[in-house]
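Since this is a predicted model, take the numbers as computed values, not measurements. The figures here come from the full heavy-atom set of this structure, side chains too, leaving out hydrogens, waters and symmetry mates.
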Amino acid sequence: MGMVKFNREALEGCRTTVAGQAGQFGAVGDGFPKAASNAAMFGKLADSGAFAQALDALDKSMNEDFNAAETLLGKIDRALDAVARTVADTERANADGVRR
C-alpha cells in the first residue's frame, strides 16, 4: 500500500475559507428587507402594486438562496473539519500502535 500524504495546512486553509464565505453569504441574505414593499413608493403608476409584489418575491427568493448557500458552506466546513480530525486521530492511533 502506498504512502498517504496529508497536508493539514491546506485542508485547514480550505476549511477557513469556506467558513468565511458562509458568513459572507449569510450577511448578504440578512440585508434583504423583511417587510413588504409599499406600492406607494413607486408613485401613482398603474402597476405599482404588482411591481411591489414582484419586488417582494425577488427579495424572498434571493434571501432563500443566500441562506441556502450559507447552510451548504457550513456543511462543507464541518465535513472538512471532520476529515481533518479523523485523519489526525488515525495517525495518532497508528503512531501509538508502533510505539507499543
Side-chain angles (χ1 to χ4, degrees):
M1 183 180 247
M3 182 90 150
V4 176
K5 293 189 179 189
F6 178 70
N7 188 332
R8 285 183 183 86
E9 292 81 20
L11 189 59
E12 180 59 21
C14 289
R15 192 200 64 73
T16 302
T17 299
V18 166
Q21 291 298 314
Q24 289 180 10
F25 276 99
V28 170
D30 292 343
F32 286 94
K34 305 297 185 247
S37 300
N38 184 348
M41 71 182 183
F42 301 111
K44 297 182 181 189
L45 299 174
D47 291 325
S48 292
F51 190 68
Q53 287 178 341
L55 184 61
D56 290 342
L58 176 65
D59 286 345
K60 180 181 178 198
S61 177
M62 290 180 69
N63 189 25
E64 289 171 355
D65 286 347
F66 280 112
N67 286 338
E70 180 182 29
T71 299
L72 179 60
L73 289 169
K75 289 178 182 179
I76 293 168
D77 171 20
R78 290 185 294 281
L80 289 171
D81 184 55
V83 168
R85 283 186 284 115
T86 299
V87 171
D89 291 348
T90 301
E91 286 179 342
R92 211 174 1 267
N94 289 337
D96 290 346
V98 171
R99 290 186 200 126
R100 291 182 186 169

**Prompt:** Would Asp81 and Arg85 pass as an ion pair if we require N to O under 4.0 Å?
**Reply:**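 A salt bridge is present here (some side-chain N lies under 4.0 Å from a carboxylate O).
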Short side-chain to backbone donor-acceptor contact, Thr71 and Asn67, under 3.5 Å: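 Flag set: sc Thr71 to bb Asn67 pair under 3.5 Å.
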Hey, could you give me the [atom1]/[atom2] distance between [X] and [Y], rounded to the nearest 0.5 Å?
X     : Y     : atom1 : atom2 : answer
Leu55 : Ser37 : CG    : OG    : 4.0 Å
Leu11 : Thr16 : CG    : OG1   : 9.5 Å
Met62 : Asp65 : CE    : CG    : 8.0 Å
Asn63 : Leu58 : CG    : CG    : 11.0 Å
Asp47 : Phe42 : CG    : CZ    : 11.5 Å

Between [X] and [Y], what is the shortest heavy-atom contact and its length?
X     : Y     : answer
Leu73 : Ala22 : CB-CB, 3.6 Å
Ser48 : Gly43 : OG-O, 3.4 Å
Ala19 : Asp77 : CB-OD2, 3.5 Å

Determine whether Val87 and Glu91 make a side-chain contact, defined as any pair of heavy atoms from C-beta on separated by less than 4.5 Å.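 Yes, at least one pair of side-chain atoms sits under 4.5 Å.
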* Would Glu9 and Glu12 satisfy side-chain contact (heavy atoms from CB on, under 4.5 Å), going step by step from the backbone distance to the final call? -> CA-CA 5 Å; Glu9 292 81 20; Glu12 180 59 21; 5.8 Å; no
Do the rings of Phe32 and Phe66 sit parallel, tilted or perpendicular, given the 30° and 60° boundaries?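 Because their plane-to-plane angle is under 30°, the rings of Phe32 and Phe66 count as parallel.
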Practice item. I would like to know whether Asp89 and Arg92 meet side-chain contact (heavy atoms from CB on, under 4.5 Å); could you show each step before the answer? Key: CA-CA 5 Å; Asp89 291 348; Arg92 211 174 1 267; 2.5 Å; yes
Q | Non-neighbouring partners of Arg78 that pass salt bridge (Lys or Arg N to Asp or Glu O under 4.0 Å), sequence neighbours left out | A |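 Not a single residue meets the salt bridge (Lys or Arg N to Asp or Glu O under 4.0 Å) criterion with Arg78.
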Inset, instruction - Please test Thr17 against Gln21 for side chain to side chain donor-acceptor pair (under 3.5 Å), starting from the C-alpha separation and ending with a verdict. - result: CA-CA 6 Å; Thr17 299; Gln21 291 298 314; over 6 Å; no
